[in-house]
K.L.:
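Input: one structure, supplied below.
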Amino acid sequence: MLIHTSIVLAVFGAVGLCKVYEDVADLPRLHYDFVIIGGGTAGTVVANRLTENPDVSVLVLEAGVSNDGVLLSEVPFLLNSLLGASVYSWNYTTTPQSGLNGRSIAFPRAYMLGGCSAHNGMVYTRGAADDFDRYANLTGDDGWSWDGIFPYFLKHEGWTAPADNHDTLGEFNPAIHGTDGPISVSLNGFPWPVFEETVIQTTKELPDEFPFNLDMNSGQPLGVSWLQSSIGGGKRSTSVTGYLAPESIWRPNLHVLLHAQVSKLVNITHNRGKPSFGGVEFKFGSSLFVAHASKEIILSAGAIGTPHILLNSGIGAHNTLSALGIPKVVDLPSVGQNAHDHPFFALGWAVNSTQTLESITQNATRAAEGLAQWEASHTGPFVDSGIATHIAWLRLRSDSPAFEVHADPSPGPGAPHLEFLLIPGGGIAGGISTPGVGNFITIGISLSSPVSRGSITINSSDAFAPPLIDPGFLTSMFDLLALRDGVALAQRFVSAPVWDGYLGAMTPDLTGLNDAELLAHIRDNVGQSFHIVGTAAMSARGAPDGVVDPNLQVKGVAGLSVIDAAVVPIVPAAHTQAITYAFAERGADLVKRRWA
Ligand SMILES: Cc1cc2nc3c(=O)[nH]c(=O)nc-3n(C[C@H](O)[C@H](O)[C@H](O)COP(=O)(O)OP(=O)(O)OC[C@H]3O[C@@H](n4cnc5c(N)ncnc54)[C@H](O)[C@@H]3O)c2cc1C
Ligand SMILES: *[C@@H]1O[C@H](CO)[C@@H](O)[C@H](O)[C@H]1NC(C)=O
Ligand SMILES: *[C@@H]1O[C@H](CO)[C@@H](O)[C@H](O)[C@H]1NC(C)=O
Ligand SMILES: *[C@@H]1O[C@H](CO)[C@@H](O)[C@H](O)[C@H]1NC(C)=O
Ligand SMILES: *[C@@H]1O[C@H](CO)[C@@H](O)[C@H](O)[C@H]1NC(C)=O
Ligand SMILES: *[C@@H]1O[C@H](CO)[C@@H](O)[C@H](O)[C@H]1NC(C)=O
Ligand SMILES: *[C@@H]1O[C@H](CO)[C@@H](O)[C@H](O)[C@H]1NC(C)=O
């Protein structure tokens, strides 16, 4: 027994001590075939796939801390506790947002191994086939079409039974899910029967507007589907649990260094007329080091970090760089531009039922019991995020006033304009304030097809100064008007007869506001969906804009790729982890093919 225990300890100890290095002094060397910048959602996928070949050596440089044993990350229900300032966050804030009446908003991004997959809401949605077919059109590469990407959804996904093992017949379509991939995906594992039955009954009473859809992840998302999350066995599934699990982290050709913040790319040479970087400068403690890549440098620092490092390295708009005295390497004006996210707004109502999330969040005894049950058996209410029981994907009416200010920005008739998170509680995701003591439900309204665009820029030549983050929320009138339609649609949803006797007062009550007051209220309350993309967008070869070509190689530079959410040129009608995993899988294949 004693021997057995010490073997187990040795194995687990080695996972942290041997290949995930906490100290640069322990790193065996600084020369590798590939250096990956950022051990986040996408970076770990690429690291895993490249090191399947034992002859290829890879170093991952991650600025943040270890995610190992971080309970707040492991327990799905505790996700909100990771959204404030903490050692696990970059603690960013946006610039004042003109579309939000001048407000700056907190902008959480994970500062830990696994990146945002280790603190996100775990909602698992892929988007519409039309989204991907538009990417194929924009890049001229069918590999980014729905049919081209679909195998990469299956490849990363490991469909898993829910934590309560309930009968899932009629709650999803098994034919469109992967079963062998590293990222666990499951249906909720703790029921909220009154709310769930009310939602499902709504799809029967108002089937034209809110039809039931067996599975929103088929490429045809329109309608109301059961929530799917990146959770397995009641625990959060992250890019680390999935792609750096012990069998791959033990590969002697893969090294991961934590606490290593990359400043810029260095050691420029020329390769067939193009500049090429041989080194990556990073800070560990208070000292600077250079890691060398003989084949390629891969930027996976996310939609904020990736353009920040490109700009620090002299790749960006010539004017910005010269104003800061940063030597220009390549004039690529699109770096950091085209930043966008889904603006998020929410409506809440009191309900005549004690069966809501408040039965846990407003009862310390019940909350302690819930956590104890999770620790004992990974069952009970803490196995889910609490973000929703269902999601609805909806199109605006064709006579929406939003279309008078802008042509339809959606990629096709199979793609939604709006998303509803149907939440069996109040004040949950996205910074909605808690409505008070009582029992509530929420409809979170997210604009799936935003027109507004912002930017990630720098205003300092100090590579360690934070970038300026401007998601440009509601700078287009289309976005504001579409969200106003969302408010009306949400009220329509809860007008189905089944809500009689269950639904109480709207809180806060917006029903008395005139149109101008409602629009002002939306501007005063819109928050983010955490889905920022587009800041190192891919475009066709030879296109005047864009940062990477359809093979994800930075335009005008040799030996440098971007593989993360920054390359997504237009945000899909989806939460963005599934597309990040799928694009990272395909991105890794593209790199492997180049060096085969
Ligand atoms: C709070 C929150 C909730 C979300 N909820 C959901 C959800 O429910 N469902 C969903 O699908 N999506 C969700 N998302 C979005 C999704 O998680 C992201 O789109 C996706 O994880 C992005 O992956 P990435 O690899 O591009 O970036 P990241 O996962 O952020 O990885 C980037 C990594 O690079 C590191 N890094 C950055 N700069 C440097 C540097 N200079 N040097 C070294 N390392 C660096 C970072 O620390 C990080 O580990 C959420 C995101 C957030 C922030
Ligand atoms: C974020 O803030 C917390 C607490 O305020 C701090 O401990 C942490 O170091 C900060 N993160 C970064 C990356 O600076
Ligand atoms: C993209 O779609 C437009 C309009 O349908 C078409 O004219 C164009 O040729 C397409 N481009 C590519 C690269 O497929
Ligand atoms: C690489 O760049 C670093 C930082 O600029 C410099 O110190 C180092 O000498 C360079 N190494 C080579 C081999 O050029
Ligand atoms: C709080 O939870 C405990 C334990 O489940 C329960 O006994 C108690 O009735 C709850 N209190 C309220 C006010 O609902
Ligand atoms: C850059 O912007 C930040 C945030 O707006 C500000 O605090 C800082 O002073 C600016 N720095 C420079 C050099 O302009
Ligand atoms: C609340 O629900 C109960 C039982 O379902 C019902 O009798 C009562 O009328 C409802 N109250 C309101 C205000 O609708």
Side-chain angles (χ1 to χ4, degrees), residues 24 29-32 35 37-40 59 61-67 70 72 77 81-93 106-116 118-119 190 258-271 275-294 297 301-302 304-305 308-309 312-314 326-327 329 351-374 376 379-382 425 436-440 461-467 469 559-560:
V24 67
R29 57 183 193 271
L30 283 167
H31 286 80
Y32 294 82
V35 174
I37 302 172
L59 172 67
L61 293 169
E62 166 57 45
V65 301
S66 172
N67 72 325
V70 178
L72 298 180
F77 199 72
S81 47
L82 279 175
L83 296 185
S86 78
V87 293
Y88 306 113
S89 176
W90 286 87
N91 306 328
Y92 288 136
T93 305
F107 201 83
R109 288 273 114 187
Y111 187 75
M112 66 177 134
L113 195 58
C116 294
H119 79 158
F190 184 81
L258 302 180
H259 320 295
Q261 184 173 343
V262 171
S263 48
K264 59 184 178 195
L265 313 178
V266 294
N267 305 129
I268 300 180
T269 55
H270 281 79
N271 183 339
S276 170
F277 298 89
V280 178
E281 182 187 86
F282 65 95
K283 185 162 83 175
F284 187 96
S286 53
S287 306
L288 292 177
F289 298 82
V290 175
H292 298 274
S294 62
I297 295 167
I304 311 298
H308 187 198
I309 293 166
N312 290 340
S313 309
I326 297 174
V329 178
V351 285
N352 178 16
S353 162
T354 54
Q355 204 195 82
T356 66
L357 294 169
E358 286 77 23
S359 65
I360 301 160
T361 57
Q362 296 185 1
N363 182 336
T365 312
R366 186 86 182 84
E369 286 171 359
L371 184 57
Q373 185 181 352
W374 184 90
T379 58
F382 279 57
V437 176
N439 292 98
F440 305 92
S461 58
D462 172 4
F464 296 102
I469 301 175
L560 180 62

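Read the numbers this way: they start at 1 and go in the same order the structure lists the ligands and their atoms.
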K.L.:
Should N91 be counted as touching ligand 2, given the test is an N or O pair under 3.5 Å?
P.N.:
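Between N91 and ligand 2 (N or O atoms, distance only) the closest approach is under 3.5 Å.
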
K.L.:
With sequence neighbours excluded, what pairs up with N267 under the side-chain hydrogen bond (donor to acceptor under 3.5 Å, both in side chains) test?
P.N.:
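For N267, no residue satisfies side-chain hydrogen bond (donor to acceptor under 3.5 Å, both in side chains) once neighbours in sequence are set aside.
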
K.L.:
Nearest heavy-atom pair of S263 and E281: which atoms, and what distance?
P.N.:
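Heavy atoms of S263 and E281 come nearest at OG-OE1, 2.6 Å.
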
K.L.:
If I compare all heavy atoms of L258 with all of F284, which pair ends up nearest, and what's the gap?
P.N.:
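The answer is O-CE1, 3.4 Å.
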
K.L.:
Taking atom types as modelled, is there a side-chain donor on T356 or N439 under 3.5 Å from an acceptor on the other?
P.N.:
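There is such a pair between these side chains.
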
K.L.:
Compute both the distance and the angle, then confirm whether K283 meets the cation-pi test with F289: under 6.0 Å from the six-membered ring centre, within 45 degrees of the axis.
P.N.:
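So K283 doesn't make the cation-pi contact.
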
K.L.:
Of all the atoms in ligand 5, which lie at a distance below 4.0 Å from a heavy atom belonging to N363?
P.N.:
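Heavy-atom distances to N363 below 4.0 Å select 1 (C), 2 (O), 3 (C), 8 (C), 10 (C), 11 (N), 12 (C), 14 (O).
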
K.L.:
May I ask you to list the atoms of ligand 2 that are less than 4.0 angstrom from any heavy atom of V87?
P.N.:
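With V87 as reference, the close atoms of ligand 2 come out as 7 (O).
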
K.L.:
Does A63 approach ligand 2 within less than 4.0 angstrom via side chain, backbone, both or neither, non-hydrogen atoms only?
P.N.:
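Neither part.
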
K.L.:
Starting at SG of C116, measure out to OH of Y111 and round the result to the nearest 0.5 Å.
P.N.:
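Atom-to-atom, C116:SG and Y111:OH are 14.0 Å apart.
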
K.L.:
So, regarding W90 and ligand 2 (criterion: nitrogen or oxygen to nitrogen or oxygen, under 3.5 Å), is there a contact or not?
P.N.:
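The answer is no, given that W90 and ligand 2 share no N or O pair closer than 3.5 Å.
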
K.L.:
Between ligand 4 and the protein, tabulate every N or O atom pair separated by less than 3.5 Å, reporting distance only.
P.N.:
{"from": "ligand 4", "atom 1": "2 (O)", "to": "N267", "atom 2": "OD1", "distance (Å)": "3.4"}
{"from": "ligand 4", "atom 1": "2 (O)", "to": "N267", "atom 2": "ND2", "distance (Å)": "2.4"}
{"from": "ligand 4", "atom 1": "11 (N)", "to": "N267", "atom 2": "ND2", "distance (Å)": "2.8"}
{"from": "ligand 4", "atom 1": "14 (O)", "to": "N267", "atom 2": "ND2", "distance (Å)": "3.0"}

K.L.:
Is any N or O atom of E369, backbone or side chain, closer than 3.5 Å to an N or O atom of ligand 5?
P.N.:
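Min N/O separation from ligand 5 is below 3.5 Å for E369.
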
K.L.:
Which atoms of ligand 5 are found less than 4.0 Å from any heavy atom of R366?
P.N.:
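Once the distances to R366 are compared, the set is 2 (O), 5 (O).
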
K.L.:
Going from CD on Q362 to CZ on F440, what distance comes out if it is rounded to the nearest 0.5 angstrom?
P.N.:
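Q362 atom CD to F440 atom CZ measures 6.5 Å (nearest 0.5 Å).
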
K.L.:
Would R29 count as a cation-pi partner of Y32, with NZ or CZ less than 6.0 Å from the six-membered ring centre and within 45° of the ring normal?
P.N.:
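The answer is yes, since R29 meets both limits relative to Y32.
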
